[in-house]
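Structure, as structure tokens:
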Amino acid sequence: MPQIEQLAATYSSQIFWLLVFFGFTFFVVGRGMVPKVMDTVAQRDKQIADDLFAAERARKQADEEEAAWRTRENANRAEAQSLIADARGKAAAATADRLAAAQGVIDGKLADAESRIAEARRSASAEIEDVAADAAREIVSRVAGLSVDEAAVRSAVKENLVHG
Amino acid sequence: MHQFTIEPLFGSDGWQIAGYNIAFTNSALWMAIATVLLLVFVAGGAKRQLVPGRWQMAVETFTGFIDGMLAANVGAAGKKYVPYIFSLFMFILFANFLGLMPLGVLGLHPFTFTSHFSATGVLSILSFSIVIIVGFAKHKLHFFSLFVPHGTPAAMIPAIFVVELISFLVRPFSLGLRLFVAMMAGHVLLEVLSSFVISSGNASIGLFAIAGLPSFILMVGICALELLVAAIQAYVFALLTCVYLNDAENLH
């Protein structure tokens with residue numbers, strides 16, 4: 001077994017070179033590079049955790065903004081509805097006013113026209129009375145040769161015209 | 001057994017420090033190769049990209065694995081041992097795998113330095129020293145309470161103390177020997193089976209059919225098993241170091 005046979009001759013060389021190369025490995029690889037590698041891993045883990053946290057926070061903020069937007073939107077909608085109702089009421093009132101005014105004008109014109117017709121009818125009936133009284137007196141004077149009092153004629157005519 | 005022989009390379013046989021031989025051997029060469037490959041592997045993964053590529057992902061998997069192992073066995077205080085446990089695990093893992101690479105096909109002579117207890121012993125004594133230094137630095141003489149489990153009857157304390165002390169002191173040996181034995185046993189087994197294949201093939205075609213071919217099929221399976229063992233032994237070495245560090249950090 002060379003491990004035992006050569007021990008006396010080679011132990012110092014084995015120990016020396018193992019310490020040299022393992023020492024190099026420990027100080028250059030173990031102390032020099034491994035912390036960097038682990039630092040990179042830790043940094044990546046931290047970044048992932050931070051990103052997740054930021055995403056979570058952004059989501060929460062978006063939710064809050066959406067809720068705020070919704071209440072604002074609902075308020076706006078209610079306001080718009082009330083504006084529309086208001087405008088509709090105003091328009092209805094204005095239409096009613098204009099209709100009433102037009103109705104008044106038409107009523108006035110009708111009353112005017114009716115009074116004019118009544119006037120015309122009255123003046124016409126008065127003229128008919130005059131003409132009838134004149135004609136009656138003429139007829140009486142011509143037929144009976146009587147000179148009748150104008151007032152009597154007129155009352156007689158009026159009596160006949162009224163009672164037919 | 002030739003595969004375990006240590007030979008000085010490049011005429012460095014006479015190199016010495018204070019009378020101790022430090023010849024640059026084939027063992028040292030494979031330590032250097034493992035170190036360079038590990039350096040390249042980790043350097044390729046230290047690009048610090050936010051979105052990792054495959055290579056970076058592989059390196060981060062290993063560091064995360066070691067980090068998780070220390071967190072599970074030692075707790076939050078284990079974070080500071082990640083560089084050491086990572087170096088230990090990866091160094092042993094690369095050494096074990098390099099020794100199993102079929103480089104003999106290319107005429108190279110792979111050498112598994114983890115199949116020498118003079119190498120694994122250094123690593124285990126290193127781990128054990130760290131445990132002792134951390135234990136005494138953190139708990140002073142209170143560290144000796146590690147050898148008296150909770151609820152021990154007063155009369156039993158001396159006996160239990162001795163037993164626990166021995167089991168504690170055996171740790172560096174068991175740690176180093178386990179890796180050395182596992183690696184050597186696997187390589188010896190493969191060598192024995194391959195010698196069956198070759199010598200039976202040289203003897204006769206009938207013997208090859210009876211002994212050589214089944215041995216060859218068995219070798220294929222055992223090669224896969226050895227790859228598993230290479231990873232498991234590196235894991236066990238790192239895991240046991242974590243468990244011992246837990247004793248030093250938290251005293252049970």
Side-chain angles (χ1 to χ4, degrees), chain A residues 1-70, chain B residues 1-6 8 12 15-17 19-25 27-29 31-32 34-36 38-39 41-43 45-52 56 59-60 62-64 66-67 79 82-88 90-91 113 115-123 126 180 184:
Chain A
M1 218 163 109
Q3 285 93 333
I4 294 169
E5 285 152 19
Q6 291 189 309
L7 185 62
T10 61
Y11 77 97
S12 52
S13 146
Q14 285 278 83
I15 293 169
F16 175 78
W17 289 111
L18 187 80
L19 287 177
V20 167
F21 288 117
F22 184 70
F24 179 85
T25 302
F26 175 64
F27 284 108
V28 175
V29 177
R31 297 289 294 269
M33 295 173 174
V34 170
K36 279 185 202 155
V37 173
M38 293 189 59
D39 193 42
T40 311
V41 175
Q43 226 168 6
R44 182 182 313 127
D45 288 351
K46 187 178 169 302
Q47 172 132 28
I48 289 170
D50 284 356
D51 285 358
L52 281 178
F53 180 69
E56 180 62 31
R57 209 173 41 194
R59 199 175 64 85
K60 208 169 278 173
Q61 194 179 344
D63 282 353
E64 276 166 16
E65 266 170 21
E66 198 200 339
W69 172 82
R70 188 156 288 157
Chain B
M1 288 293 161
H2 177 253
Q3 59 170 325
F4 301 116
T5 311
I6 294 175
S12 62
W15 290 6
Q16 285 188 348
I17 288 182
Y20 290 104
N21 181 310
I22 55 152
F24 191 83
T25 60
S27 175
L29 175 69
M31 292 174 194
T35 303
V36 169
L38 181 55
L39 185 71
F41 175 67
V42 179
K47 282 180 292 216
R48 318 208 64 173
Q49 284 169 341
L50 193 62
V51 178
Q56 192 180 339
V59 175
E60 282 173 4
F62 277 111
T63 61
I66 300 296
D67 192 32
K79 197 92 179 165
V82 168
Y84 176 68
I85 302 291
F86 180 84
S87 307
L88 197 63
M90 296 302 278
F91 193 63
F113 64 84
S115 64
H116 277 255
F117 59 82
S118 46
T120 60
V122 173
L123 293 175
L126 215 53
F180 144 68
M184 199 191 80

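Numbered from 1 within each chain, the chains take letters A, B, ... in sequence-line order.
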For the atom pair [atom1] ([X]) and [atom2] ([Y]), what is the distance rounded to the nearest 0.5 Å?
X     : Y     : atom1 : atom2 : value
A/M33 : B/F41 : CE    : CZ    : 12.0 Å
A/D39 : B/T63 : CG    : OG1   : 11.0 Å
A/F16 : B/I22 : CZ    : CD1   : 4.0 Å

Query raised in the report: What part of A/F26 is in contact with chain B, defined as an atom under 4.5 angstrom from a non-hydrogen atom: side chain, backbone, both or neither?
Result: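 A/F26 touches chain B through backbone and side-chain heavy atoms alike.
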Report task. Say whether, by atom type as modelled, one donor and one acceptor occur between the side chain of A/S13 and the main chain of B/A23 under 3.5 angstrom. Result -> yes
Query raised in the report: Going by heavy atoms in the side chains, are A/V29 and B/M90 under 4.5 Å from each other?
Result: no
**Report entry** Pairwise side-chain contact, A/F22 with B/L88, heavy-atom cut-off 4.5 Å (strictly under)
**Finding:**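 The answer is yes; the side chains approach within 4.5 Å.
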What part of [X] gets closer than 4.5 Å to chain A, counting heavy atoms only: side chain, backbone, both or neither?
X      : result
B/M184 : side chain
B/A34  : neither
B/Y84  : both

Query raised in the report: Among A/Q47, A/K36, A/Q43, which has the most heavy-atom pairs under 4.5 Å with chain B?
Result: A/K36
Query raised in the report: Can you list the steps and then say if A/T40 with B/E60 is a side chain to side chain donor-acceptor pair (under 3.5 Å)?
Result: CA-CA 9 Å; A/T40 311; B/E60 282 173 4; 5.2 Å; no
Winner by heavy-atom pair count (cut-off under 4.5 Å) against chain A, out of [options]:
options                       : result
B/L39, B/L38, B/V36, B/I85    : B/L39
B/F180, B/F91, B/F113, B/F117 : B/F91
B/I66, B/L123, B/L126         : B/L123

[X] versus [Y], closest heavy-atom pair with distance:
X     : Y     : answer
B/M31 : A/W17 : SD-C, 3.7 Å
A/F21 : B/A28 : CE1-O, 3.4 Å
B/P83 : A/G30 : CB-O, 3.2 Å

